[in-house]
K.L.:
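Here it is: the structure, laid out below.
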Protein chains: 2
Amino acid sequence: MLEARLASATVLKKLLDAIKELVTDCNLEANEDGIGLQAMDNSHVALVTVQLEANEFDSYRCDRNMPLGVNLGSLTKILKCAKDNDVVTIKASDDADSLTLLFESPNSDRIGEYDMKLMDIDQEHLGIPDTQYDATITFSSTEFARICRDLSALGESVKIEVDKQGIRFTADGEIGNGSVLLKHSAGRGAVRAPPASRSRKAAKPKVKKEAKRDPDDEEEGSEPDVANVESDEEDVKPDVQEEEEEKPEVDEDDEDEEEQEDDEAEQPKKRKAGAVAKKETNGRAKKAKDGEDDGEAGVSIILQQSVSLTFSLKYLLNFAKSAPLSKQVTLNMSNEVPLLVAFEFEQGHINYYLAPKIGDD
Amino acid sequence: MLEARLASATVLKKLLDAIKELVTDCNLEANEDGIGLQAMDNSHVALVTVQLEANEFDSYRCDRNMPLGVNLGSLTKILKCAKDNDVVTIKASDDADSLTLLFESPNSDRIGEYDMKLMDIDQEHLGIPDTQYDATITFSSTEFARICRDLSALGESVKIEVDKQGIRFTADGEIGNGSVLLKHSAGRGAVRAPPASRSRKAAKPKVKKEAKRDPDDEEEGSEPDVANVESDEEDVKPDVQEEEEEKPEVDEDDEDEEEQEDDEAEQPKKRKAGAVAKKETNGRAKKAKDGEDDGEAGVSIILQQSVSLTFSLKYLLNFAKSAPLSKQVTLNMSNEVPLLVAFEFEQGHINYYLAPKIGDD
DNA sequence: AGAGGGGTGT
DNA sequence: ACACCCCTCT
């Protein structure tokens, strides 16, 4: 049986707003690690994964692995019945034919209880290899959303080029061409040599498989398909959550405190997530007065080699709907390999994978 | 070649929002005076003119007259890619087959560059005579917008009557009749005898031609046509900008300092525009606390003789979309002559001309 | 409370 | 496809 208590409904609401248009039905995978979700989008082009960490819940109990097949539209409707600051309790009995959501006002003077029918969904669990990316760019998620929105007025595709100078998004279309260049920020998340951050990653157990995909993988995943997905269930979830935990730190310790953070890396994740949240708050307060509040925390670029990839803006626009979940987004790119768009938030993360268009000059 | 730099994208955005539904394609006329636009609306009923003064740009360079044929929809799309406080640079090379817009964030960490295809547009340049109007009413632009919106719920036409008491807008329709009366403000922009303000205007060179239109002009422009437009290119732009520069002052010196402002009238325009902007700011700050911020600066009426004219609300609604550009709007009316609706803003002005309906009451 | 974005209707 | 209205996010 599952019983998970979350202090605020707002994360769940934002999560569902983010993915409900990408995925109609899918299994929520509840287990001792927390609640996860993995699904191809409806047109089978993009892959979304979500993980809510068990130890980020106010309380969490899950006796066994439970695949909970939900219709995300229905779940969204039910979540609309919760106020943002309601305390949410998610319950499922062992037969798992329905999911119960309990919404309590903060002072418990109102309690809503909603039951949702579950469905059986046959869903292969895809293994997602832990890729070492050639370029990792972390910047304002609202800036990301803004760029995708702006450029989608011009064309259907965006070319993303990353080099030492910064990251450039370019779209061409009938009415004209547009390009947006974000320069890496001096003083904060500036361009950093990869080895420094990689060495920290080596401390993790069973991370990294191969850094690059096989060429034929990209062949068949040429356009509308996530190329580097494998069917290796065993090591997927650990990999994903370890890897995602990693990325924001790169930006974190760009400030001043690398060694300290490395120490913390051995500690429970709860502690680390707290640090992330705190830092984000600082970032906002710090930047609040300089007028430009999209530039929060600047643009961090970690570059192993320059990349140039082209993607469908339609999907990026969808991914950018996760911006309310996190102030920062991380784009992970290697040439001819699917893009990983990652959002970290206090309770977990959401990752999107999208294969590049081919012939992307 | 043209290169014009504007400290903030917001004026351009507002301008295009204001006219993009009225005009589809038109030439931007860049020359040493600045950037101008003149176009009939798509149904050839109303006339719009815009002027952005060269000396109000942060920097301005235009070597020769360049007609830049733009699709306003495309330009609007591109301007949506600029944030309000972005610095905008407009560039066109001498062959003028495309227009480049550069959007830089205030701290230059983001640079957007957009190229827009230009088109050849054959467009006669209409001469607009400098008319002395029988009634000139200056009041809150949002009030104007509100009245147009409110009355358009009742009928398709509005009768505008101006006399010493004030200005009355009346609409009749099936569900009932409505009328809004704005009284001239005591203490501020009150009704003023025309000679006083006319004498100031007399200080300008080459102003005023004839005060009234020829009757046959109105005949052919009876309903859907701007009647008093002549094909006299020479004196149009100077006249327009002189005249428009004049109007807000009427309201300005209603405060206490008539003579001083008359002195300034001889000074360069740059100086005067600055004064206008400053006064507007004061007006906002002053009124901020009395709750009614539509009544800013009151209602100023300069009346030579009473007028009563009827106009299509559809067009007035469109004109009122310029309200974000200026806190004040000026209506200039003479019986049986097209209405001039004028908005002044720091970088220039926008004027709308609309012929009255006949049988107007 | 205001502005921007998304969705719906013409 | 464009315009208008409503809702959400800032």
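First the proteins, then the strands, lettered A, B, ... as listed; each starts at 1.
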K.L.:
Which heavy atom of B/Met119 sits nearest a heavy atom of B/Val70, and at what distance?
P.N.:
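Minimum heavy-atom contact is SD-C, 4.0 Å.
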
K.L.:
Should the pair B/Glu104-B/Arg5 be classified as a salt bridge under the 4.0 Å nitrogen-to-oxygen rule?
P.N.:
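Salt bridge: yes.
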
K.L.:
Grab the N/O contacts between the protein and nucleotides 2-4 of chain D below 3.5 Å, and write none if there aren't any.
P.N.:
unit_1	atom_1	unit_2	atom_2	d
D/dC4	OP2	B/Glu21	OE1	3.3

K.L.:
Taking only distance into account, with no hydrogens and no angle test, what donor-acceptor pairs under 3.5 Å do side-chain atoms of residues 7-15 of chain B form with protein atoms, sequence neighbours excluded?
P.N.:
unit_1	atom_1	unit_2	atom_2	d
B/Ser8	OG	B/Thr10	N	3.1
B/Ser8	OG	B/Asp84	O	3.0
B/Lys13	NZ	B/Leu79	O	3.2
B/Lys13	NZ	B/Ala82	O	2.3
B/Lys14	NZ	B/Pro324	O	3.3

K.L.:
Please give, in whole Å, the distance from C/dG4 C1' to B/Lys14 NZ?
P.N.:
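Roughly 14 Å, once rounded to whole Å.
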
K.L.:
Restricting to pairs with a member in residues 310-320 of chain B, which pass salt bridge (charged side-chain N to carboxylate O under 4.0 Å, His left out), not counting sequence neighbours?
P.N.:
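Not a single pair qualifies under salt bridge (charged side-chain N to carboxylate O under 4.0 Å, His left out).
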
K.L.:
State whether a side-chain donor-acceptor pair under 3.5 Å links A/Lys20 with A/Thr76.
P.N.:
no

K.L.:
Calculate the interatomic distance between B/Asn85 atom CG and C/dA3 atom P; express it in whole Å.
P.N.:
14 Å

K.L.:
List for me each residue that meets salt bridge (charged side-chain N to carboxylate O under 4.0 Å, His left out) alongside B/Glu156, sequence neighbours excluded, and say none if there are none.
P.N.:
none

K.L.:
Can you tell me if A/Asn177 and B/Asp115 form a side-chain donor-acceptor pair at under 3.5 Å?
P.N.:
no

K.L.:
Considering only nitrogen or oxygen atoms on both sides, find all protein atoms under 3.5 Å from nucleotides 8-10 of chain C and state each distance.
P.N.:
none

K.L.:
A/Ser105: which residues meet the side-chain contact (heavy atoms from CB on, under 4.5 Å) condition with it, sequence neighbours left out?
P.N.:
A/Asp86, A/Asn107, A/Asp109, A/Arg110

K.L.:
Could you state the atom-to-atom distance from CZ of A/Arg146 to P of C/dG6 in whole Å?
P.N.:
11 Å

